[in-house]
Colleague: 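Have a look at the structure that comes next, please.
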Amino acid sequence: MSKEMHNTKERLYQKYGTYCEVCGKKFKKTELTGHHIIMKCKGGKITEENILIACWHCHFDVINHIQYNSKEYWDLMRKSLRHRELPSKKE
């Protein structure tokens with residue numbers, strides 16, 4: 001993992017905790033990964049706005065079972081990131 005990705009994930013953990021943003025369950029940091037909302041090959045950057053924190057199971061499901069750029073994909077991204085519009089929670 002790049003230093004840039006590591007730092008971005010750490011900032012997201014500070015703001016939102018160590019929860020999978022897809023299933024909502026709490027995990028250890030080692031059980032979470034960063035998912036590019038807009039894929040790197042499509043110009044997506046490593047920014048807080050473009051990285052979704054996901055457990056390995058949800059990340060695998062998104063990557064392998066939902067076609068990128070489909071309505072289903074974007075509906076899931078919007079639903080998963082909805083909590084970011086709320087004030088951050090302290091653990």
Colleague: Any heavy-atom pair between the side chains of Thr33 and Trp56 that's under 4.5 Å?
Modeller: yes
Colleague: Which residues pass the side chain to side chain donor-acceptor pair (under 3.5 Å) test with His57, not counting sequence neighbours?
Modeller: Asp61
Colleague: How close do Leu32 and Lys9 get, counting heavy atoms only, and between which atoms?
Modeller: O-NZ, 3.5 Å
Colleague: Determine the minimum heavy-atom distance between Cys58 and Cys23, stating which atoms define it.
Modeller: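 Taking Cys58 first and Cys23 second, the nearest heavy atoms are SG-CB, 3.7 Å.
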Colleague: Hey, could you give me each pair passing salt bridge (charged side-chain N to carboxylate O under 4.0 Å, His left out) that has a residue in residues 62-74? Not counting sequence neighbours.
Modeller: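 Output for this query lists Lys71-Asp75.
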Colleague: What salt bridge (charged side-chain N to carboxylate O under 4.0 Å, His left out) pairs are there with at least one residue in residues 47-56, not counting sequence neighbours?
Modeller: Arg11-Glu48, Lys15-Glu48
Colleague: Taking atom OG1 of Thr8 and atom CD1 of Ile46, what is their separation to the nearest 0.5 Å?
Modeller: 6.5 Å
Colleague: Using the ring-ring contact (aromatic ring centres under 6.0 Å, His included) criterion, which residues pair with His59? Sequence neighbours excluded.
Modeller: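 If we apply the ring-ring contact (aromatic ring centres under 6.0 Å, His included) test to His59, skipping adjacent residues, the hits are His35.
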Colleague: Members other than Val22 in its cluster, when Ile, Leu, Val, Met, Phe, Trp, Tyr link by side-chain heavy atoms under 4.5 Å?
Modeller: Ile37, Ile38, Met39, Leu52, Val62, Ile66, Tyr68, Tyr73, Trp74, Leu76, Met77, Leu81
Colleague: Taking only residues two or more places apart in sequence or in another chain, which ones pass side chain to side chain donor-acceptor pair (under 3.5 Å) with Lys29?
Modeller: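 With sequence neighbours excluded, Lys29 shows a side chain to side chain donor-acceptor pair (under 3.5 Å) to Glu10, given in chain and number order.
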Colleague: Which ILVMFWY residues are connected to Phe60, directly or by a chain of links, through side-chain heavy atoms under 4.5 Å apart?
Modeller: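 Result for Phe60 is none, singleton.
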Colleague: Out of curiosity, Ile51 CD1 to Lys45 NZ, how far, rounded to the nearest 0.5 Å?
Modeller: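 Rounded to the nearest 0.5 Å, the CD1-NZ separation comes to 12.0 Å.
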Colleague: Could you pull out all residues at least two apart from Glu31 that satisfy side chain to side chain contact (heavy atoms under 4.5 Å, CB included)?
Modeller: Phe27, Lys28
Colleague: How would you list, by chain and number, every residue that makes a side chain to side chain donor-acceptor pair (under 3.5 Å) with Lys40, sequence neighbours excluded?
Modeller: none
